[in-house]
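Reading through the structure tokens given below for one structure.
For the numbers below, each heavy atom of this structure counts, side chains included, while hydrogens, waters and symmetry mates do not.
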Amino acid sequence: MKKVVILGGGGGGAILANLLPREEFQVTVVDKSPLHFFQPGNLWIAFKGVKKEKFLRPLRELLKPHVDFVQDEVVEVDLQNRSVKTKNGKQLGYDYVVFATGAELDYDALPGHRKLLETYGDFYSSPDNAEKLYKTLLGMNSGRFVIAVADPIYKCPPGPHKGTFLSWELFSKRGLSNKVKVVLAVPVPHAYPSKTIADIIEPELNARGIELHTFFTANEIDLDNKKIISLEGEELSFDVATVIPPHRGPSYSVTPESVKDGNGYIKIDKYTSKVEGFDDAFAIGDCTNAPTSKSGVTAHLQAEVVAARLQGIDARYSGRTNCPLITDGKGLFVISDYDHPPIPVRFSKFKRLMEDLFVATYWSAIRYPEFWSPVFKAYFEATDEMIRKGEGW
């Protein structure tokens, strides 16, 4: 019986744990929270007022009965001695360890950012802060609502754009589309990192009168004077603002230190998810340095690859992405892989419906990945052909 310790019970960690056969593996998941949170739900809480409880489930209930769950915080991982230490003094040995703890958000990297978060809330950090942002926006009847980004590497690349469109929808439904100006500021040359996708998004922004600022990397927040100052020297005024914070890899200690890059992300082989220099250690999802989107789809597909490799199958991750970007009534998917940039796609009401259906099936997909994986595989294989042809839908 092989001992597998999975650090983190988010989407990737939970799916991996549930995929490993109980006949072959003794699986332990370590997570400091007793609850699993569907992170994209922050958008629905912040801009639609959906109750946060809809996006929370006890992690124990999502894991299959044979999976052990340790509610504790990881403080040290010794890869050379196959040991995991926790805050409460547990020491777990393993045959294989998998890092799946996600990226950490640094609200203290920018002057004034912590105070901004505490004042208005946001839609990236937590359900509670998403609730605070919703209440803030309900109290806003005029002025400028600014969404800015502090670093080009962040979770869910379409996240700021979703927030932009959904906030515009909120103000429009309140009859305030001519009184509240929605502003999006990004650190890249276009509305989206990929110009192919940016060319599709920008007409939608223009049609709604959304103000776009490119080459704007948020670097300082002056809450007293209500200004965001960029690394490039530009200033943006706001009445309410939220800034996507810089991200970093796990802050807990890992030995040897060389397996982390300069931003703390775990260095892996991008195809196999093996930690560099180790055959008994893997990392999946947002905590890695893999050159692909930090997204739930990435964590899910990497989890399937690791599950297969632990069972002796030579599986590989292609870098496939399938990131949803939604407006107030339409949607699209940003589709790419390691060898192909995002393909041209179009907005449609059907794709927005697909995003809503995904939200509805999320909990089942976590608990029963053996059922849903063939469904997702069929979709990915169909759209992989589009990637190879460079044609969208």
From CD1 (I343) to OG1 (T383), nearest 0.5 Å: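 One gets 7.5 Å once the value is rounded to the nearest 0.5 Å.
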Derivation of the side-chain hydrogen bond (donor to acceptor under 3.5 Å, both in side chains) call for Q39 and K155: CA-CA 10 Å; Q39 293 186 39; K155 294 189 293 183; 2.6 Å; yes
Measure from the side-chain N and O atoms of [X] to the backbone N and O of [Y], and report whether any donor-acceptor pair falls under 3.5 Å.
X	Y	value
T288	I284	no
Q311	A307	yes
R320	F380	yes
D31	G9	yes
E76	T86	no
T119	K115	yes

Ring-face cation contact, Y271 with R316, 6.0 Å cut, 45° max: yes
Qualifying residues under side chain to side chain contact (heavy atoms under 4.5 Å, CB included), relative to [X], sequence neighbours excluded:
X	value
P160	Y124, I147, V149, Y154, L184, I244
V75	K85, K87
F171	L137, M140, F145, S167, R174, L176, V180, V182
K377	E381

D286/Y265 under side-chain hydrogen bond (donor to acceptor under 3.5 Å, both in side chains): CA gap, chis, key distance, verdict: CA-CA 8 Å; D286 297 347; Y265 295 111; over 6 Å; no
Salt-bridge contact [X]-[Y] (side-chain N to carboxylate O under 4.0 Å):
X	Y	result
E204	K330	yes
R114	D108	yes
R248	D106	yes
K64	E370	yes

Neighbour count >12 (heavy atoms, 6.0 Å) for atom NZ, K3: no
Sequence neighbours excluded, every pair satisfying salt bridge (Lys or Arg N to Asp or Glu O under 4.0 Å) that has a member inside residues 263-283: R82-D280, K274-D279
For K227, all residues meeting salt bridge (Lys or Arg N to Asp or Glu O under 4.0 Å), sequence neighbours excluded: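 By the salt bridge (Lys or Arg N to Asp or Glu O under 4.0 Å) rule, K227 matches E235.
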Full working for salt bridge (charged side-chain N to carboxylate O under 4.0 Å, His left out) between K135 and E131: CA-CA 6 Å; K135 292 175 183 177; E131 282 188 332; 5.3 Å; no
From CA spacing to verdict: ring-ring contact (aromatic ring centres under 6.0 Å, His included), Y362, H36: CA-CA 12 Å; Y362 177 78; H36 178 108; 5.7 Å; yes
Mind checking side chain to side chain donor-acceptor pair (under 3.5 Å) for [X] and listing every partner two or more places apart, or none if nothing turns up?
X	value
N129	S125, S126
N225	D222
D68	none

Sequence neighbours excluded, every pair satisfying ring pair (Phe, Tyr, Trp, His ring centres under 6.0 Å) that has a member inside residues 289-336: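 Counting only pairs at least two positions apart or across chains, the ring pair (Phe, Tyr, Trp, His ring centres under 6.0 Å) contacts touching residues 289-336 are H300-F376, Y317-Y338.
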Answer whether the closest heavy-atom distance between the side chains of [X] and [Y] falls below 4.5 Å.
X	Y	result
I228	E220	no
I6	T28	no
L325	Y192	yes
P152	P187	yes
H113	P245	yes

Would you mind writing out the side-chain donor-acceptor pairs for residues 41-54 within the sub-3.5 Å range, not counting sequence neighbours?
{"unit_1": "K48", "atom_1": "NZ", "unit_2": "E169", "atom_2": "OE1", "d": "3.2"}
{"unit_1": "K52", "atom_1": "NZ", "unit_2": "D128", "atom_2": "OD1", "d": "2.5"}

Connected hydrophobic set around V5, excluding itself, where side chains approach under 4.5 Å: L7, V30, V70, V74, V77, L79, V84, L92, Y94, V97, F99, Y252, V254, V259, I266, I268, V275, F278
From V67, L20, D95, residue fulfilling side chain to side chain contact (heavy atoms under 4.5 Å, CB included) relative to F25: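 Considering V67, L20, D95, a side chain to side chain contact (heavy atoms under 4.5 Å, CB included) with F25 is found only for L20.
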Residues D78 and S83: side-chain donor-acceptor under 3.5 angstrom: no
Step-by-step side-chain hydrogen bond (donor to acceptor under 3.5 Å, both in side chains) determination, T321 to S293: CA-CA 7 Å; T321 68; S293 300; 4.9 Å; no
Steps toward side-chain hydrogen bond (donor to acceptor under 3.5 Å, both in side chains) verdict (R208, N206): CA-CA 5 Å; R208 292 161 177 79; N206 293 335; over 6 Å; no
